[in-house]
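All remarks here apply to the structure that follows.
Whatever order the structure lists ligands and atoms in, that order sets their numbers, starting from 1.
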Amino acid sequence: MSSTRVLVLNSGSSSVKYQLIDMRDGSRPAAGLVERIGEQTSRLIHTHVADGDTREQNGPIADHEAALKAVAAELGRDGLGLDSPELAAIGHRVVHGGMFFTEPTLVDENVLTEIERLIPVAPLHNPANLTGIRTARALRPDLPQVAVFDTAFHTTMPESAARYAIDPKIADRYRVRRYGFHGTSHAYVSRETARLLGKDPSEVNVIVLHLGNGASASAVEGGRCVDTSMGLTPLEGLVMGTRSGDLDPAVIFHLERVGGMSTDEIDTFLNKRSGLFGLCGDNDMREIRRRVDEGDERARLAFDIYIHRLKKYIGAYYAVLGRVDAVAFTAGVGENSAPVREAAVAGLEGLGLAVDGELNAVRGDEARLISPADARVAVAVVPTDEEMEIATQTYALVNGSGNLT
Ligand SMILES: Nc1ncnc2c1ncn2[C@@H]1O[C@H](COP(=O)(O)OP(=O)(O)O)[C@@H](O)[C@H]1O
Ligand SMILES: CC(=O)OP(=O)(O)O
Ligand SMILES: [Mg+2]
């Protein structure tokens with residue numbers, strides 16, 4: 001039996017998402033999610049696609065190691081376990097790869113050491129990614145494990161965009177620079193946007209707006225990233241579900257000196273209790289829109305701040321690129337929230353940007369244009385598929401080709 005399947009693991013700070021993908025035809029025999037890891041109310045939802053069976057497990061799952069073992073057991077019940085000869089490799093999303101990793105990388109001890117060294121700049125993400133890799137290796141030591149880095153796509157950024165305006169000696173000593181994240185999604189979506197326009201990626205300039213719980217924008221010139229909104233960590237840039245995005249760095253000194261908060265408290269405050277959640281108590285855009293429609297002022301302000309920041313980045317990346325062929329909305333909010341898309345480009349007709357109300361209201365899983373037919377710049381909804389991109393890159397590395405054979 002040939003090995004054509006890739007298990008993709010996306011370990012977040014309190015969740016593990018997984019998909020088993022068959023590279024022969026792109027089918028997904030199984031997929032699932034473990035959420036609220038470390039709490040009493042953890043939940044595993046597993047879907048075995050062949051028989052449409054979805055199983056749910058509720059109850060505490062202490063850590064990422066236990067989560068991954070539970071996932072392996074669920075896959076095993078469907079005959080799709082980690083011992084399956086059809087499994088070619090496991091592809092892991094790793095959030096921070098620093099400057100070192102510019103490509104998908106076969107995991108060995110040195111790679112693990114380097115990912116570990118990057119924990120201080122990705123404290124919410126890299127530890128979970130590491131545990132995922134280590135647990136998977138222990139369960140199936142002979143299987144190739146590939147790390148696919150969120151930062152890799154952004155390593156093409158010019159120094160003018162990647163450096164902060166601080167002494168380069170200090171910056172280099174502490175590896176302080178703008179790395180950018182969600183790169184797997186920005187790469188996939190910019191390519192799919194070119195495809196939607198019937199062009200080669202090398203011919204088009206695209207602004208990608210990845211609006212999920214974490215959110216980031218990128219400027220992609222002829223298939224290469226030239227700027228992105230996240231920086232040293234995934235805190236910079238857009239307003240997010242629970243992260244503040246851009247602020248004057250002096251806010252931190254002020255909160256410490258005047259507010260009496262510790263560095264760790266400020267870190268938690270800005271990463272976990274700010275953004276939409278900090279502004280109005282909700283981080284889910286559906287709930288925020290519902291409240292806006294009911295006339296809730298706090299939700300309205302949160303929405304307006306979110307949109308104002310988004311619009312500023314569209315303008316900034318328009319200037320960075322000089323010529324823009326398309327603006328692509330993706331991820332949970334970008335794919336599903338027509339009001340966000342409409343508000344983000346409202347008033348930008350001068351830049352050739354507009355949204356057609358009827359097209360914007362259409363829902364669906366396919367990439368689609370939402371700009372009027374005569375628009376100078378295409379505005380598109382392009383569903384992201386980080387799992388397929390990770391599987392493709394993983395399979396290409398272990399097999400010498402990314403083609404679906
Ligand atoms: N129908 C919808 N309308 C508006 N927002 C939505 C909708 N569906 C999902 N979302 C938003 O998508 C967010 C999650 O996006 P997602 O890309 O799945 O995030 P992540 O991968 O970062 O967890 C949710 O917080 C929610 O606000
Ligand atoms: C890097 C990052 O922000 O990831 P996520 O959106 O999964 O939190
Ligand atoms: Mg996401």
- request: For the residue pair T193 and V220, establish whether any side-chain heavy-atom pair is separated by less than 4.5 Å.
  value: no
Which atom of R191 lies closest to which atom of P201, heavy atoms considered: CG-CG, 3.6 Å
task: Of all the heavy-atom pairs spanning A136 and I90, show the shortest one and how long it is.
output: CB-CD1, 3.9 Å
Per-atom contacts of ligand 2 with [X], taking only distances under 4.0 Å to non-hydrogen atoms:
X	answer
P234	1 (C), 3 (O)
M230	3 (O)
G214	6 (O)
F181	1 (C)

- prompt: Strictly by modelled atom types, are H64 and T131 linked by a side-chain donor-acceptor pair under 3.5 Å?
  reply: no
query: Between the side chains of H186 and S216, does any donor sit under 3.5 Å from an acceptor?
result: yes
Evaluating non-hydrogen atoms only, which member of [options] is closest to [atom]?
atom	options	result
atom 9 (C) of ligand 1	H210, E35, R286	R286
atom 7 (O) of ligand 2	H125, R243, R93	R93
atom 26 (C) of ligand 1	V340, T384, D284	D284

statement: Counting from 1 in the order shown, the ligand 1 atoms closer than 4.0 Å to a non-hydrogen atom of G214 are 22 (O)
- line: Near V333 (heavy-atom distance under 4.0 Å), the atoms of ligand 1 are 11 (C), 12 (O), 27 (O)
Look only at interatomic distance and state if [X] has a nitrogen or oxygen under 3.5 Å from any nitrogen or oxygen of ligand 1.
X	answer
L211	no
S337	no
G212	no

task: Would you please determine whether K17 falls within less than 4.0 Å of ligand 1 on a heavy-atom basis?
output: yes
message: So, 4.0 Å and heavy atoms of G241: is ligand 1 close enough to count as a contact?
response: no
message: Any carboxylate oxygen within less than 4.0 angstrom of a Lys/Arg side-chain nitrogen, looking at R93 and E387?
response: no
- prompt: Between R163 and D172, does at least one N-O distance fall below 4.0 Å, as a salt bridge requires?
  reply: yes
- request: Answer yes if the ring centres of H96 and F181 are under 6.0 angstrom apart, and no otherwise.
  value: yes
M240: side-chain contact (heavy atoms from CB on, under 4.5 Å) partners, not counting sequence neighbours: A215, M230, R243
For residues 324-332, run the donor-acceptor check on the side chains, cut-off 3.5 Å, and write out each pair with its distance to 0.1 Å, sequence neighbours left out.
residue	atom	partner	partner atom	Å
D325	OD1	R323	NE	3.4
D325	OD2	N205	N	2.7
D325	OD2	R323	NE	3.3
D325	OD2	R323	NH2	2.6
T330	OG1	E335	OE2	3.2
T330	OG1	V382	O	2.6
T330	OG1	T384	N	3.0

message: Can you tell me which portion of H182 lies within the under-4.0 Å heavy-atom range of ligand 2? Options are side chain, backbone, both, or neither.
response: side chain
field: 4.0 Å heavy-atom contact, H210 with ligand 2
entry: no
